Amino acid sequence: MREHDLFDRYESAFDDTADTMRRKGKRTTSRLDDAEPTRRGRMTEEEKLRVARVREDQLSSADTPEDGDRWSTWGDADQGPKPHPSWLITELAAVDRELGIVKTGKEADVFLLERAIGDRACLLAAKRYRSNDHRMFHRDAGYLEGRRMKKSREMRAIANRTSFGRNLIAEQWTVAEFAALSRLWQIGAPVPYPVQRSGTELLLEFIGDAEGNAAPRLAQTRPDEDELLDLWRQLVATLTTLAEAGMTHGDLSAYNLMVHEGRLVVIDLPQVVDLVANPRGVEFLDRDVRNICGWFAARGLPPEIGDPSALVATLLDVAGMA
């Protein structure tokens, strides 16, 4: 059970108690103020300790496998688009085992996970968004603008950046990236297959070799002239696919493109921008193109090939916005 689920139950009980006492004509200030000093989405220290004890009890009594860290969470998660890839293990009796950390970031950490059953196994990248005690999401204001939660308490918690609110923001980012990857996968964009989403954890196709070595970022590569031109052509094809769907990456750089066996793969996509619906859509597209064109130009791509203005014009035409 997640912390905010427990909090919802706690505050619901609080509201019921207050309503009952008011109907009986009794004062509710002193006792209720002790239980919940402010109504900003925060639990009292006593309630936090109770939640921690519940978690410990659940962990100690959990049926954990001997040869792994947990049973497969496939059955309890939001699952990726069908048809599922043949390499993916979907049996509920499978076991998940963590093999180490792949990458740390400002907003999320990525771990290497093996999911296995019998003599079959697959490697997954477990992207876990940070929340409570970590730095804020530097783009959350733009992402959350115009969105409303079902409960006003949740809106207040997000606005006040309480620990409860930051947990909600982290989960929203996870949901957004899972949705973006699912859509892009279905239209044929070169992105990791989104395996599943559960809470603030996103499981993705691991882009790397069978030994668990992640593919390099584009920024880490040193392509020769022919390789550079091939990667450029792949990039243009990818950006065209997104533009045809009315989208741009929103934060494109050589650090969120991977090169695996000569194939360019786009990653880090929670902030995908709708070119039409977002009033700054064209601005984001222009920034994406100029950022990545700058990298290719610095590696020797001829300016007449990697002209950012010409590419932006082409993509806007493809998107029907010229």
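None of these values were measured; they are calculated from a predicted model.
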* To do: Starting from the C-alpha separation in whole Å, work towards a yes-or-no answer on side-chain hydrogen bond (donor to acceptor under 3.5 Å, both in side chains) for Asn213 and Asp209.
  => CA-CA 5 Å; Asn213 300 305; Asp209 62 29; 3.0 Å; yes

* **Ion pair Glu114/Arg70, N-O distance below 4.0 Å** => no

* To do: Using the side-chain hydrogen bond (donor to acceptor under 3.5 Å, both in side chains) rule, take Thr174 and Glu201 through it: C-alpha gap first, then chi angles, then the decisive distance, then the call.
  => CA-CA 7 Å; Thr174 316; Glu201 180 186 74; over 6 Å; no

* At what distance, to the nearest 0.5 angstrom, does CZ of Arg120 lie from CZ of Arg115? -> 11.5 Å

* To do: Give the ring-plane orientation class for Trp87 versus Tyr193, where under 30° counts as parallel, over 60° as perpendicular and anything between as tilted.
  => perpendicular

* CH2-CG distance between Trp295 and Leu218, expressed to the nearest 0.5 angstrom -> 3.5 Å

* To do: State yes or no: do Val236 and Val266 share one hydrophobic cluster built from I, L, V, M, F, W and Y residues joined by side-chain heavy-atom distances below 4.5 Å, directly or via other members?
  => yes

* Can we say Glu227 and Arg222 salt-bridge, meaning some charged N sits less than 4.0 Å from an Asp/Glu carboxylate O? -> no

* Derivation of the side-chain hydrogen bond (donor to acceptor under 3.5 Å, both in side chains) call for Ser309 and Arg290 -> CA-CA 8 Å; Ser309 296; Arg290 294 187 185 280; 3.1 Å; yes

* Asked: What are the two closest non-hydrogen atoms of Gly262 and Gln234, and how far apart are they?
  -> O-NE2, 2.8 Å

* Short N-O contact, Arg128 and Asp109, less than 4.0 angstrom -> no

* Can you check whether Asp76's main-chain N or O pairs, donor with acceptor, with Gln79's side chain at less than 3.5 Å? -> no

* Can you measure from CZ (Phe296) to CG (Leu235) and round to the nearest 0.5 angstrom? => 5.0 Å

* To do: Tell me, with the steps shown, if Ser72 and Asp96 meet side-chain hydrogen bond (donor to acceptor under 3.5 Å, both in side chains).
  => CA-CA 6 Å; Ser72 169; Asp96 290 348; 4.7 Å; no

* Is it true that Asp224 and Arg299 make a salt bridge, defined as a side-chain N closer than 4.0 Å to a carboxylate O? -> no

* Structure fact -> One should read off an interatomic distance between Ile101 CD1 and Thr104 OG1, to the nearest 0.5 angstrom, of 5.5 Å

* Heavy-atom side-chain proximity of Leu239 to Val318 below 4.5 angstrom -> no

* **Rounded distance [0.5 Å steps], OG1 in Thr248 versus CG in Asp274** => 11.0 Å

* **Passing candidate, side chain to side chain donor-acceptor pair (under 3.5 Å) with Tyr129, options Glu177, Glu107, Gln172** => Glu177

* Asked: Under 4.5 Å between side-chain heavy atoms, hopping through other hydrophobics if needed: is there a path connecting Leu228 to Met258?
  -> no

* With rounding to the nearest 0.5 Å, note down the distance linking CG in Leu112 to CZ in Arg97. => 9.5 Å

